[in-house]
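Input: a single structure, listed below in structure tokens.
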There are 2 protein chains.
Amino acid sequence: MKGIRILVAEDEDKLREIVLKYLYKEGYQGFGAADGEAALDLWAEKKPDCIILDVTMPKMDGFEVLAEIRQTDNVPVIMLTARREEDDKIQGFEVGADDYVTKPFSPRELMVRIKALLKRSGVATTDNQLDVCGIHLNAEEREITIDDETINLTQKEFEVLIYFINHHKLVLSREQILDRIWGYDYEGDIRVVDTTIKRLRKKMNDKGECIQTVRGLGYKFKE
Amino acid sequence: MKGIRILVAEDEDKLREIVLKYLYKEGYQGFGAADGEAALDLWAEKKPDCIILDVTMPKMDGFEVLAEIRQTDNVPVIMLTARREEDDKIQGFEVGADDYVTKPFSPRELMVRIKALLKRSGVATTDNQLDVCGIHLNAEEREITIDDETINLTQKEFEVLIYFINHHKLVLSREQILDRIWGYDYEGDIRVVDTTIKRLRKKMNDKGECIQTVRGLGYKFKE
DNA sequence: TAATTTTTGACACAATAATGACATATAACC
DNA sequence: GGTTATATGTCATTATTGTGTCAAAAATTA
């Protein structure tokens, strides 16, 4: 998994640094470019495995850079767009971006997208297992073991747990969970979330305590 | 937490009103000041989350105002400069402006800058961490650690603490705190503030002393 | 010391979450 | 297809926790 190189082209210094910091924490090797031309240079020099490309940049915008790159390289590209630039999304896809992320985004979300894209592109070895605080998750086989005991989760329980693990330490509101697992168009009572978590906790025994309630806000997964 | 408050100090009435209108449309709470002195008064009274400061104003110019503010407040500031005033830009940065926008500008551009700055400053955030005197605050995870010990705060306690930290070294009156956290329309007893601070101090152990009482005026957060 | 202001603890009640019991939907099996 | 088992959703009840009020005690100031 090591040695994966990712180029981050984003003119806003603070944001670029945050992303690079997160990449570092995830074990990637990150390079930063503050404008389109620098991005092209770095791309030529480093031949990264993945590129994060802001749409609005000085000197050359994201699309121009992407077009240039695509003439010779199929490297996976994620475009960063401001919300207002909705139309750009489509344009970005046409030009050949592989994914897009709308600002503002959480660094964590971007990391998830990167991982997914790398996997899709066959860059990363499929690492579909996850261990968090004694909980072993094998998404492929859809199996959860806690302290070597396999536990049986229903579909909803499983999805909620994965969502929690993928966003551990973050406070997730009932709305977020509902939107994500049940879908935006879900019409029922939001308290399904409570009930599902109740069942999850019970099946997880002691580890149920990892799902903490944050009064007034939602839940948080944490050791 | 109630709305984000933005102070607009600009002597040209028309421009000021336009900016305020846009702010309103974006959901911010805007205050207008027509000269430097009025700006300082409003700043002291409202403790805004962000300030838009025109360089050329009657009574006190933008730099004087900024210098005054910076003695006690780290609030993010955007300076408005005329094209001719290029040099001022640098001066503005030295004095401690966080960004500048050159006139003429489109209101939309200003909004984008404001948003970006608020995000950078941790007011409305992507990456949201803060360290002050051994207190580590992570708003995204909604977690406070003091000397690596996690402490559990309720909603009100948490909001009050954030308000203090974001305005550290400043004396905050009970009214200000009440207005900000409980909202202007709060009808109850102002002494809730005392009680909430009592609880905060207790949970913070030694660090509780960071919240100092300023007799007759209010409270102040300081090491 | 008296007057003023703040701190504190006790209490009430409001807000929120957990739970159990039941109803309905879905899948699995014979 | 009918029967059973399992999963999922609803809801009312109970339990828990947060918040606000108040008055007495403590601290500060004049």
Side-chain angles (χ1 to χ4, degrees), chain A residues 142 144 150-164 171-222, chain B residues 1-2 142 144 150-164 171-222:
Chain A
R142 207 185 158 288
I144 306 268
T150 299
I151 61 172
N152 257 318
L153 298 184
T154 69
Q155 189 62 20
K156 284 279 183 287
E157 289 160 3
F158 187 78
E159 288 178 25
V160 169
L161 180 57
I162 286 190
Y163 187 39
F164 270 122
V171 177
L172 303 174
S173 69
R174 291 182 175 72
E175 282 79 12
Q176 283 178 302
I177 299 169
L178 200 71
D179 286 352
R180 181 58 166 274
I181 309 298
W182 280 263
Y184 288 94
D185 47 353
Y186 183 78
E187 302 254 300
D189 191 340
I190 196 166
R191 293 283 152 184
V192 244
V193 177
D194 297 53
T195 300
T196 305
I197 284 175
K198 169 191 67 181
R199 287 165 180 156
L200 242 180
R201 279 174 169 159
K202 194 168 178 193
K203 289 190 182 177
M204 291 167 71
N205 296 317
D206 328 357
K207 287 285 158 56
E209 288 164 23
C210 289
I211 303 176
Q212 302 172 354
T213 88
V214 182
R215 201 155 230 266
L217 294 176
Y219 298 91
K220 170 160 88 163
F221 187 88
K222 189 163 173 278
Chain B
M1 190 89 102
K2 305 296 155 183
R142 202 180 169 290
I144 307 266
T150 298
I151 61 172
N152 257 318
L153 298 185
T154 69
Q155 190 66 11
K156 284 278 183 291
E157 290 160 3
F158 190 78
E159 289 179 17
V160 169
L161 180 57
I162 288 189
Y163 187 39
F164 270 121
V171 177
L172 303 173
S173 70
R174 281 172 242 275
E175 282 80 10
Q176 285 178 313
I177 299 169
L178 200 71
D179 285 353
R180 184 50 168 289
I181 309 298
W182 279 262
Y184 287 95
D185 45 354
Y186 182 76
E187 302 255 300
D189 191 339
I190 197 168
R191 292 284 151 182
V192 246
V193 177
D194 296 53
T195 300
T196 305
I197 285 176
K198 168 193 66 180
R199 288 167 179 154
L200 242 180
R201 280 173 168 159
K202 193 170 178 193
K203 289 190 181 178
M204 290 168 72
N205 296 317
D206 326 357
K207 288 285 158 58
E209 289 164 22
C210 289
I211 302 176
Q212 301 171 357
T213 303
V214 183
R215 197 156 227 267
L217 294 177
Y219 298 92
K220 172 162 84 165
F221 187 90
K222 191 161 172 280

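Letters go in sequence order (proteins before strands), and every chain restarts at 1.
The side chain to side chain contact (heavy atoms under 4.5 Å, CB included) test with B:Tyr219 singles out one residue from B:Leu172, B:Ile197, B:Val214, and that residue is B:Ile197.
Distance, B:Gln212 CD to D:dT28 C1': 16 Å, rounded to whole Å. As rounded to whole Å, 17 Å separates atom P of C:dA15 from atom CG of A:Leu217. Straight-line distance from the CG atom of A:Asp194 to the C1' atom of D:dT17: 15 Å, rounded to whole Å. Counting to the nearest Å, the C1' atom of C:dG9 and the NZ atom of B:Lys202 are 9 Å from each other. The interatomic distance linking B:Ile197 (CD1) with C:dT8 (C1') rounds to 14 Å, in whole Å. When rounded to the nearest whole Å, the span between CZ of A:Arg191 and C1' of C:dA15 equals 10 Å. What separates CG of B:Asp189 from C1' of D:dT19 is a distance of 12 Å, to the nearest Å. One atom, CD of B:Glu157, and another, P of D:dG18, lie 8 Å apart when rounded to the nearest Å.
An OP1 or OP2 oxygen of D:dT19 is reached within less than 4.0 angstrom by a side-chain nitrogen or oxygen of B:Thr154. Distances shown here put a side-chain N or O of B:Arg174 below 4.0 Å from the OP1 or OP2 atom of C:dT6. Close to D:dT8, at under 4.0 Å from its OP1 or OP2, lies no side-chain N or O of A:Trp182. Within the structure, every side-chain polar atom (N or O) of A:Tyr219 is placed at least 4.0 Å from both OP1 and OP2 of C:dA17.
Annotation for A:Asp179: atom CG counts as buried by contact number, over 12 foreign heavy atoms lying within 6.0 Å. In B:Lys222, the NZ atom is not crowded: 12 or fewer heavy atoms of neighbouring residues, nucleotides or ligands sit closer than 6.0 Å.
For a distance-only test at 3.5 Å, the side chain of B:Arg199 fails to qualify as a donor-acceptor partner of the base of D:dG18.
If you check every strand for non-hydrogen atoms under 4.0 Å, A:Thr195 touches a base. Within 4.0 Å (heavy atoms only), B:Phe158 reaches no atom of the nucleic acid at all. Among the atoms of the strands shown, only primed sugar atoms or phosphate atoms (P, OP1, OP2) are found under 4.0 Å from some heavy atom of A:Gln155. The residue A:Lys198 sits close to a base: some heavy atom pair falls under 4.0 Å. Residue-level contact check: A:Arg201 touches the backbone only, with heavy atoms under 4.0 Å from sugar-phosphate atoms and none from bases.
Comparing atom distances between the B:Arg215 side chain and each of C:dT5, C:dC11, C:dA17 picks out C:dT5 as nearest.
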Dump the intermediate steps for side chain to side chain contact (heavy atoms under 4.5 Å, CB included) on A:Ile144 and A:Met204, then the final yes or no. CA-CA 10 Å; A:Ile144 306 268; A:Met204 291 167 71; over 6 Å; no
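The two residues A:Lys220 and B:Arg142 have their closest heavy-atom pair at NZ-O, 4.0 Å.
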